[in-house]
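Written below as structure tokens is the structure these notes are about.
The sequence lines fix the lettering, A, B, ..., with proteins before strands; numbering per chain opens at 1.
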There are 2 protein chains.
Amino acid sequence: MSSSSSPRPSTTHDVARLAGVSQATVSLVLGGNPRARVAAATRERVIRAAEELGYRPNIVARGLVRGRSYALGVIVPDLANPFFLEVVRGIERVASTAGYAVLLCDARETTPARHLEALRARLIDGVIVDPLGVEGLPADSLTDLNLVVVDQPSERWPGVASDAEGAGRLAAEHLLALGHREVAMVGPATDVHSFRMRERGFTRALRAAGVALPSGWLRRAPATVAGGEAAMRALLPRRGSRPTAVFCTSDLLALGALKACATAGVAVPGAMSVVGCDDIEMARVVTPELTTVAVPARELGARAARLLLRQLDGRGGETRPGRVLPVRLVPRGTTAPPPTDP
Amino acid sequence: MSSSSSPRPSTTHDVARLAGVSQATVSLVLGGNPRARVAAATRERVIRAAEELGYRPNIVARGLVRGRSYALGVIVPDLANPFFLEVVRGIERVASTAGYAVLLCDARETTPARHLEALRARLIDGVIVDPLGVEGLPADSLTDLNLVVVDQPSERWPGVASDAEGAGRLAAEHLLALGHREVAMVGPATDVHSFRMRERGFTRALRAAGVALPSGWLRRAPATVAGGEAAMRALLPRRGSRPTAVFCTSDLLALGALKACATAGVAVPGAMSVVGCDDIEMARVVTPELTTVAVPARELGARAARLLLRQLDGRGGETRPGRVLPVRLVPRGTTAPPPTDP
DNA sequence: GCGGTTTGCTAATACGTATTAACAACCATG
DNA sequence: CATGGTTGTTAATACGTATTAGCAAACCGC
């Protein structure tokens, strides 16, 4: 029912028969290795025959003999976060132009360990892990795997990273320059390195300026809009003091914070300044537009993919740390000097 | 450098040696077919040996002999659109619990034809195509492929769909009930069936109520925030009449429209009502919250995956059209009666 | 005990490609 | 012309699994 009389796809044997050569010769001509010594005339005949039959190499068979699948795995914490999606797109572009397929794994759907199991069974050539607790993975399940980590410096695996600490610092300096002294911070509780570093950069810059971050003003929430909303609500008590500015270590959190302010009738940026981090597209959609720190997500992904591909080609030797990708503050509408009349 | 002395993963031969049986027996015990006749004691020995060696079947090898790869391809128009992402998540959950991997293809990165080529080479078992012009694909490249289409009724392939026409109708009826008579519509120019149907449902309901849709108020724009913004700007002339409400056939467009209104100082919903379609998460993030039509994206994906899997199992016979998934209006903050003083 | 059936296992082969050792043909050199 | 090297092609094998035909043993009824 599904498929009718499908003409079995042609193989190297078919091509060989038509070209009047052996299968081995066909493989030599068509299978990668361009420097194989084959007479020009023969090569020509083979190519012509292959075209005539519409021959396409069977990547599975090739993978079986070469022990490769020409596919990469990518594990991200949460695809619904546009930031990670952007990283994935960077990876995908590089990978696909190099002839590699990408198997996407959302850590929220299954545990990374299970994902790895499934990937390994498919002879995945390598895996890119976005800032997810790789350290927590079963170590033995990783030893024989080509792995590149994103935004998560590690002794054991090569990786690429953005200047996460710098991102936090930029946010702090921006708020300090505007005159804020009563600031809060919202970040996820997960042990994701880049988030940790953003927090550290922020708190350090604050401390360097002699500004304290009361423990009550450090809110933990999942890196989602709903999380940001809840955290912000907690920062807006009915009575008592409240911060004049808040730094969210993810734009999704910041969007949630804005939402909470709107609901509570707190003017942004008049009564409350908000700074996000990532610079996702939605940051420019809300009104006022979100002040944030731009992180080159796509470039991060692209670099990770290139690094992994180099490694697969054996040219992995040059695993120098790799320049940390710079971030930059994007001042927009959600930040202003603190209200003069508290 | 990358990987140390990796102990080659064990094969059926290794298990056979340890268990003192032949490779064939191991394959009979561990390879799918549970009704193979193998003595209980032998089966036990094999399983024990497999566990001891940590044996995992090589899916690539299995795929080669069975002509299957246990992987699905999914082609979507634009992953950056949360709606399609949600569809993908629905697919992924069903597929992965059934042991299938998912190869994601974003139509914006490469042409669908190229994607199909790459998928076919990997012995992909089946493909799910989101409302993308399948009709425009090279027909011969599809004949021998198990394919399921989403939101795109077709004679040639089974599929699942949401009530796209109903979505448009609901939006129209909502605006009409509020008293709007001067309405506009924004939708993408691409030939995507569900968008077409949403438009049709909208315009038909309008016509049925005796309300005309001037051609100038039917704006075409790519289904992105930027597209919606541009379209809305065009609907807000410096002078002359403007609509009192607009229906955007995608939430992203609607968000852009809201943005344009905010920039132009047009009050929503006071001076302009906006209705979207999809009910993505961001619809509830903006202020005021977006009135929209909820479409069960995840369920759509899950059903498509189940349909495809059934087909792969040969149980494809029952390819009844499949119930059209209902949609529902979600009235929120961006719609209100038209301004009384025009 | 003897045909016949069932049960349990294995040898052999296939899937489609890559790779290597071996071989034939050709060339150049002396 | 013998020798040695180079070039072009192929036969054979491997990758790890699934599957089928077939074999040996056990079991059956009589």
(request) At under 4.0 Å between heavy atoms, which parts of nucleotides 10-16 of chain D does protein reach? Answer with one letter per nucleotide, 5' to 3': B base, S sugar-phosphate only, - none. (result) BB---BB
(request) Starting at atom OH of A:Tyr70, determine the distance to atom P of C:dT17, rounded to an integer number of angstrom. (result) 13 Å
(request) Rounded to the nearest angstrom, tell me the gap between atom CD1 in A:Ile59 and atom P in C:dA18. (result) 10 Å
(message) So, applying side-chain contact (heavy atoms from CB on, under 4.5 Å) with A:Ile124, which one of A:Leu103, A:Asn146, A:Leu72 is it?
(response) A:Leu103
(message) Taking B:Arg303 first and then B:Glu299, would you say they form a salt bridge - that is, a charged N and a carboxylate O separated by under 4.0 Å?
(response) yes
(request) Could you tell me whether the side chain of A:Tyr100 reaches within less than 4.5 Å of the side chain of A:Val94, counting heavy atoms only? (result) no
(message) Would you say that A:Val102 contacts A:Ser96 through its side chain, given a criterion of any heavy-atom pair below 4.5 Å between the two side chains?
(response) no
(message) Per the salt bridge (charged side-chain N to carboxylate O under 4.0 Å, His left out) rule, what does the pair list look like for residues 15-30 of chain A, sequence neighbours excluded?
(response) A:Asp14-A:Arg17
(message) In whole Å, I'd like the distance from the CD atom of B:Glu44 to the P atom of C:dG8.
(response) 15 Å
(message) Can you measure B:Asp14 atom CG to D:dT17 atom C1' for me and round it to whole angstrom units?
(response) 13 Å
(request) In whole angstrom, give the distance that lies between atom CZ of A:Arg43 and atom P of D:dT7. (result) 14 Å
(request) Check whether any side-chain heavy atom of B:Asp125 lies under 4.5 Å from a side-chain heavy atom of B:Tyr70, and answer yes or no. (result) yes
